[in-house]
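Quick one: the structure is below, and I'll ask about it shortly.
Convention: sequence-line order gives letters A, B, ...; per-chain numbering from 1.
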There are 2 protein chains.
Amino acid sequence: MPLQRRERPAKPATIKDIARSLGVSISTVSRAMRDFPDVNPDTKQAVLDMAKQLDYQPNQVALSLVTRHTHSIGVIVPNLDYFFATAVRGIDEIALEAGYTVLTCQSNESYGREITNTQRLLNSQVDGLIVSLSSATSNVDHMRRLMTRGVPLVLFDRVATDLDATKVVLDNHDGAMQAVNHLFEQGCRRIAYLAGPPSFSISNQRKDGYLAALRQHGLPVNEDLIIHCEFDQAHAYRATEQLLASGQQPDAIFTVSDRLAIGALLALRHRGQRVPEDVALVGFNDEPVASLLTPTLSSVSQPAFEMGKVAAQLFLEQLNSESILPPRTIVLKPVLVVRESSLKRRP
Amino acid sequence: MPLQRRERPAKPATIKDIARSLGVSISTVSRAMRDFPDVNPDTKQAVLDMAKQLDYQPNQVALSLVTRHTHSIGVIVPNLDYFFATAVRGIDEIALEAGYTVLTCQSNESYGREITNTQRLLNSQVDGLIVSLSSATSNVDHMRRLMTRGVPLVLFDRVATDLDATKVVLDNHDGAMQAVNHLFEQGCRRIAYLAGPPSFSISNQRKDGYLAALRQHGLPVNEDLIIHCEFDQAHAYRATEQLLASGQQPDAIFTVSDRLAIGALLALRHRGQRVPEDVALVGFNDEPVASLLTPTLSSVSQPAFEMGKVAAQLFLEQLNSESILPPRTIVLKPVLVVRESSLKRRP
DNA sequence: TTGTATGCGTTATCAG
DNA sequence: CTGATAACGCATACAA
């Protein structure tokens, strides 16, 4: 006895089917469907009825082949953590109301995957790309090629300095300065910086801000208080332990992300250091978890949602322009959110 | 003086361009590109060279129009929180190695958006859909229509009971029982259940497990200890306050998600209730935040990544089958992770 | 081994 | 108001 198997249903109806069963030409159907002026109301109604009856759905692929655009935006992000998930929502928001569909891919912090994703999205004929680079990406020739080919492109957050493209970024320098200034005001003088990988541009911009703030307050720069580590909690934990074990006792740690701050917090706790009494702590990103930690974590807040929205707006602007617009960079301002982890003095 | 404007670059090269500049026919080019057996090695090399020289990229849209499939999978999720972001990574993992691209859309817990997304993805000719339903979705006719049209479909996590489709779900009943059993063993006898909206099937399955566990232990069911609220922290906070104010003092709260558990935890803390001494707490999802709370949160862990992978596998299986496979449901088992918030007794 | 012709579903141009 | 027909970029059956 054969397995229960339902049959494949009939192929989807096309305008051709509508035309045939109505005895009119396909061009008439095409026009009727698209609400053209010069079409007999009766035939139009008949077409619409038949379309409904046959459950007609326009084939976007065929349409794209003709019009050469798909009304879709390719988005490539390194991962879908809180920050990027929020930014993607921002992109989605704007895209949706403009009638665009957002196709999101994760590069998983891999250069190879970023290239694959770029290739695939492009072959799928997305109308352009909004990209945040993977941490492993140092060579941006693949992005450069896009621009050469005239593909609309907007980079956000993780951008390449040596690429002359439209960008949306955070003022990382300023964010770091806010954090360090705050720590200074709290009486901290030996402020450590827990950084990401040395190749990571965002991390370096924040480092510059950190250094600038130290200079501004006449504090010496102690290279031993600047630690680089991979971008996850476990590495931050080890890096912090190392820092404490080295005898370089800091009285504050500023980290390049909340995730690293969490690693640092756990290490501090493990070593019996009180936060903020012994060591104050400030993170970056202001993820929801910040307010749930004990102590609650001070953090530099990024307008992730806004960032996504702006990126999408710039993208659409570029798309709708006749000529290629000269690249520009929008810089958004971060805001320091002070919580318990850095409050040594009550005001 | 006119604005600086670069010109639009030339249109992308097609096989036709290659053919013309080589003086061969397009079919020869087509065959050479795809490594067909019967093509002269010399011409083949010439084609490949020219393709590189012209920076030829195959037009996926045109190809799709012919082959009737796009090698892409549409994914619709209610949001991109930790659970879904992880599940999407799982889908991505499997899809990538099978040569498929994943196009992710968020319904934002909106029924309307879910329909729009379905429509758009379908018109983009994705080869099928992997969907987790929005919380606002009660009518699943749009999914039913997909199935009628023979569109491969896999539902995961948030599925519809009245839809005979292929599904990947968690054994929610079992997860809830594990949680309540554990609380019972810890000496809790007045165990409250903080539920999601009454229409929410996952919430109800967990409720059934909760009730079953109570029965199993001979505990009475107290309807006042079952509270429904919206799916966010703020509502959970209010609901918990209400529960405490009502005089129905529970000695444990089991919540339908970690997010609700956090709301409950904050409310308990605010009311001066100690966790776990006065009220034990167990959440659901085991998000990373669980181990960062104070006290650390016991939670029922879902294999989100695995769930995504299985969903993608079932999807591909369906896609590669000649006939339409009879729908089946894969049930994954949750694991209770015990942490401080529910440990009244040290073993 | 290579070329020709046709079709995928739709829009657009040009005649009726 | 309506109908042919070419075109979009590619694959493929059929010829040569």
TODO: Salt-bridge test for B:Arg158 and B:Glu109: reply yes if a basic N is under 4.0 Å from a carboxylate O, no otherwise.
DONE: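 Salt bridge present between B:Arg158 and B:Glu109.
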Task: Sole candidate of B:Asp42, B:Thr43, B:Asp49 that passes side-chain hydrogen bond (donor to acceptor under 3.5 Å, both in side chains) when paired with B:Gln45 - done: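 Filter result, single survivor: B:Asp49.
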Task: Separation of D:dG9 C1' from A:Gln125 CD (nearest whole Å) - done: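 Answer to the nearest Å: 9 Å.
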TODO: Let me know the distance between CD1 of B:Ile18 and C1' of D:dG9, rounded to the nearest Å.
DONE: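 Rounding to the nearest Å, CD1 of B:Ile18 and C1' of D:dG9 are 12 Å apart.
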Open item on the list: Looking at A:Ser27 and D:dA4, is any side-chain donor or acceptor paired with a base atom of the opposite kind under 3.5 Å?
Closed with: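 Indeed, a donor on one side and an acceptor on the other fall under 3.5 Å apart.
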Task: Side chain B:Gln318, main chain B:Pro152, donor-acceptor under 3.5 Å - done: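 Between the backbone of B:Pro152 and the side chain of B:Gln318 there is no qualifying donor-acceptor contact (under 3.5 Å).
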Open item on the list: Donor-acceptor pair, distance only, cut-off 3.5 Å: does the side chain of B:Ser321 make one with the backbone of B:Glu317?
Closed with: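 The answer is no, because no donor-acceptor pair under 3.5 Å joins these two groups.
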Task: Euclidean distance, atom CD1 of residue A:Ile26 to atom P of C:dA12 [Å, nearest integer] - done: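 Spelled out: CD1 on A:Ile26 to P on C:dA12 is 13 Å.
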Task: Phosphate OP1/OP2 of D:dG3 contacted by A:Ser25 side-chain N/O (<4.0 Å) - done: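 Affirmative; the distance criterion is met.
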TODO: Mark yes or no for whether A:Arg120, through its side chain, and B:Tyr100, through its backbone, hold a donor-acceptor pair below 3.5 Å.
DONE: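 Indeed, once roles are kept as given, a pair shorter than 3.5 Å links the two residues.
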Task: Strand contacts (DNA chain D) in residues 34-43 of chain A, 4.0 angstrom heavy-atom criterion - done: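 Contacts with DNA chain D under 4.0 Å: A:Asp38, A:Val39, A:Asn40, A:Thr43.
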Task: Spacing of A:Leu65 atom CG relative to C:dT11 atom P, expressed in whole Å - done: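 Distance, rounded to whole Å: 12 Å.
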Open item on the list: In this structure, how many angstroms lie between the C1' atom of C:dT2 and the CD1 atom of B:Ile15, rounded?
Closed with: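 Interatomic distance, CD1 of B:Ile15 to C1' of C:dT2: 14 Å.
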Open item on the list: Can you tell me if A:Thr28 touches the phosphate of D:dG3, counting only side-chain N or O atoms and a distance under 4.0 Å to OP1 or OP2?
Closed with: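 The answer is yes; a side-chain N or O of A:Thr28 sits under 4.0 Å from OP1 or OP2.
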TODO: Round to the nearest Å and state the distance from A:Arg31 atom CZ to C:dG9 atom P.
DONE: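 In whole Å, C:dG9 P and A:Arg31 CZ are 20 Å from each other.
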Open item on the list: From CG of B:Leu122 over to P of C:dG9, roughly how many Å is that when rounded to an integer?
Closed with: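 It is 15 Å, rounded to the nearest whole Å.
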- [ ] Identify whether any heavy atom of B:Ser30 sits under 4.0 Å from a base atom; if not, whether one sits that close to sugar-phosphate; answer base, sugar-phosphate or nothing.
- [x]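 Since a base atom lies under 4.0 Å of B:Ser30, the category is base.
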- [ ] Specify whether A:His142 and A:Tyr111 have parallel, tilted or perpendicular ring planes, treating 30° as the upper limit for parallel and 60° as the lower limit for perpendicular.
- [x]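 Taking A:Tyr111 first and then A:His142, their aromatic rings stand perpendicular (interplane angle over 60°).
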Open item on the list: Measuring from atom CE of A:Met50 to atom OH of A:Tyr56, what distance do you get when rounded to the nearest 0.5 angstrom?
Closed with: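 Here the rounded value is 14.0 Å.
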- [ ] Within residues 49-64 of chain B, find the residues that approach DNA chain C with a heavy atom at under 4.0 Å, and present them sorted by residue number.
- [x]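 DNA chain C contact set from residues 49-64 of chain B: none.
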Open item on the list: Checking side-chain polar atoms at under 3.5 Å, does B:Thr148 have a donor or acceptor matched by the opposite partner on B:Arg144?
Closed with: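 Side-chain D/A pair, B:Thr148 to B:Arg144: absent.
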- [ ] Figure out the CG/C1' separation between A:Leu22 and D:dG3, and round it to whole Å.
- [x]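 Whole-Å distance recorded here is 14 Å.
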Open item on the list: My understanding is that only one of B:Leu133, B:Asn117, B:Thr137 makes a side-chain contact (heavy atoms from CB on, under 4.5 Å) with B:Ser107; could you say which?
Closed with: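 It is B:Asn117; the other options fail the test.
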Open item on the list: Less than 4.0 angstrom between a side-chain N/O of B:Lys16 and OP1 or OP2 of D:dA7, yes or no?
Closed with: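 Checking B:Lys16 against D:dA7: no side-chain N or O falls below 4.0 Å of OP1 or OP2.
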